[in-house]
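Working notes for the structure below.
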Amino acid sequence: MKGLSQMAEARPILDIVAPFLNEAQSASAFAALLDKLEAEVSQRFGMEVHKILVDDGSRDDGAERFSQALSGSWEIVRLSRNFGKEVAVLAGLDQSRGDMALVMDADLQHSMDISLKMIAELVENPDIDVVYAQNDRREASWRRSQLAKLFYSLINSSQRFDIPENAGDFRVMRGAVVRALTSLRDKRRFNKGLFAWAGFRQKAISYSPENRVTGKSKWSRLNLIAFSLEGFTSFSVIPLRIISLSGMLAALAGILYGAKVFFEVLFYGIAVPGYPSLMVAVVLLGGLNLTLLGLIGEYVWVTLSESKDRPVYIVRDVVRGVSDRPPGASGA
């Protein structure tokens, strides 16, 4: 009996980290998916599963519904307000103590099949530290896909590491990777960059997100633009170099135009162009200066945010439970 007990205690643990925001309608369905995933993980890989959900300042009763629907070993970390998904992922990883951690969304767009495939890759290949899902973006428009390629081309230029295109938080990692990521306490977080910056041996698996069962995406076009700017200011100096190069080209154009005017007046007696040319020069140079000041302001704001001694997030409370109800059984 003692030997059996020691074997049970030695089973590796998989932590499932899932941030959520206003997902009350999908709580029961996601809890059921976690139950099925736990049963498959236990049967295929002999691993115990611990579920870590992070309530990122929801305004509905999602946390209560999850606490009623979850089975097995689980905890819900409720943040004091909405800090953003990037921070919520960190809050979940901070609670992880397992041998591996799977990060997935609670909106049911990350399927169980892909989750099991990633876990299998990590279990069967000891030389791999991270397996991440890479969105193949079959539904994306041509313009959006081209903008995405341009974004990754710019942000990866002059870097010692590459941020994989269309790779998000959906991934499984070994415990050593989780501890490395939680040691990075950036206030303005860009997880795509942090995952790549941390390094380790990583492997991509292509997938197509499932359709949302309820609700709508929290990411608007403005949010995506702001998120992209966050990535640039956190991991790239390319925008500053582009603006600097534009300023140099504008200055060179001004010198050449001034030389042209000088020779026209000197040799041909042509009158110096007046108001229109002056206004064009003022507007052009003024726009470049304001653009440069605004961009520098973004970098200064990131520096200021990082220099303040504030915590990355604040936890309101943590609700924990260990249910005797086996995974897959219906909740109350």
Side-chain angles (χ1 to χ4, degrees), residues 1-20 29-54 66-67 69-77 89-106 108-133 168-182 195 198 200-205 207 210 318-331:
M1 293 295 293
K2 184 177 180 181
L4 293 175
S5 176
Q6 290 177 344
M7 288 177 63
E9 292 176 358
R11 292 180 67 190
I13 298 175
L14 171 70
D15 290 329
I16 300 179
V17 177
F20 67 90
F30 184 65
L33 183 147
L34 291 180
D35 286 345
K36 294 178 182 178
L37 181 58
E38 179 178 1
E40 289 292 329
V41 168
S42 178
Q43 179 181 357
R44 294 190 190 184
F45 312 111
M47 303 177 69
E48 295 182 7
V49 173
H50 178 60
K51 304 153 189 173
I52 305 172
L53 276 67
V54 182
F66 273 115
S67 64
L70 290 171
S71 64
S73 174
W74 58 269
E75 61 183 287
I76 299 177
V77 181
V89 170
L90 173 66
L93 293 178
D94 280 340
Q95 300 296 319
S96 175
R97 299 293 184 272
D99 301 275
M100 297 181 185
L102 168 67
V103 181
M104 64 189 308
D105 290 347
L108 301 173
Q109 289 192 287
H110 295 163
S111 70
M112 184 179 74
D113 292 339
I114 298 298
S115 299
L116 291 172
K117 187 175 180 180
M118 292 194 299
I119 295 170
E121 286 285 349
L122 204 62
V123 170
E124 297 169 2
N125 297 282
D127 292 334
I128 298 176
D129 302 307
V130 180
V131 180
Y132 60 88
D169 299 321
F170 189 23
R171 61 187 59 220
V172 61
M173 305 167 283
R174 299 194 187 277
V177 181
V178 173
R179 289 187 291 273
L181 290 171
T182 55
F195 289 143
F200 294 96
R201 291 160 292 187
Q202 306 191 19
K203 181 177 180 178
I205 290 181
Y207 88 111
E210 302 288 333
V318 180
V319 181
R320 294 183 174 89
V322 178
S323 174
D324 294 331
R325 177 165 50 90
S330 61

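The line from CG of Leu90 to CG of Asp169 is 11.0 Å long, rounded to the nearest 0.5 Å. Leu102 CG to Ile114 CD1: the interatomic distance, rounded to the nearest 0.5 Å, is 11.5 Å. Rounding to the nearest 0.5 Å gives a distance of 9.5 Å between CZ of Phe30 and CZ of Phe20. Put simply, CG on Leu14 and OG on Ser115 are 9.5 Å apart, with the number rounded to the nearest 0.5 Å. Note that the CG atom of Leu33 and the CD1 atom of Ile16 stand 8.5 Å from one another [nearest 0.5 Å]. The structure places CD1 of Ile128 at 12.5 Å from CE of Met118, a figure rounded to the nearest 0.5 Å.
By the 4.5 Å heavy-atom criterion applied to side chains, Val49 and Lys51 are counted as neighbours.
Residues passing the side chain to side chain donor-acceptor pair (under 3.5 Å) test with Glu40 are Arg44, sequence neighbours excluded. Val178 pairs by the side-chain contact (heavy atoms from CB on, under 4.5 Å) definition with Leu93, Ser96, Ala101, Met173, Thr182, not counting sequence neighbours. Shown here are the side chain to side chain donor-acceptor pair (under 3.5 Å) partners of Gln202, two or more places apart in sequence or in another chain: there are none. Among residues two or more places apart in sequence or in another chain, the side-chain contact (heavy atoms from CB on, under 4.5 Å) test is passed with Ala31 by Ala69, Leu70. Every residue meeting the side-chain contact (heavy atoms from CB on, under 4.5 Å) condition with Asp129, not counting sequence neighbours, appears here in chain and number order: Arg174, Val177, Phe200, Arg201. Legend: residues meeting side chain to side chain donor-acceptor pair (under 3.5 Å) with Lys203, ordered by chain and number and at least two apart, are Glu121.
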Next on the checklist: Test side chain to side chain contact (heavy atoms under 4.5 Å, CB included) on Tyr207 and His110; report intermediate values, then the result.
Outcome noted: CA-CA 9 Å; Tyr207 88 111; His110 295 163; 3.6 Å; yes
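The two residues Phe45 and Leu116 come nearest to each other via the heavy atoms CZ-O, 4.0 Å.
Of the candidates Met100, Arg97, Glu48, Glu48 is the only one forming a side-chain contact (heavy atoms from CB on, under 4.5 Å) with Ile13.
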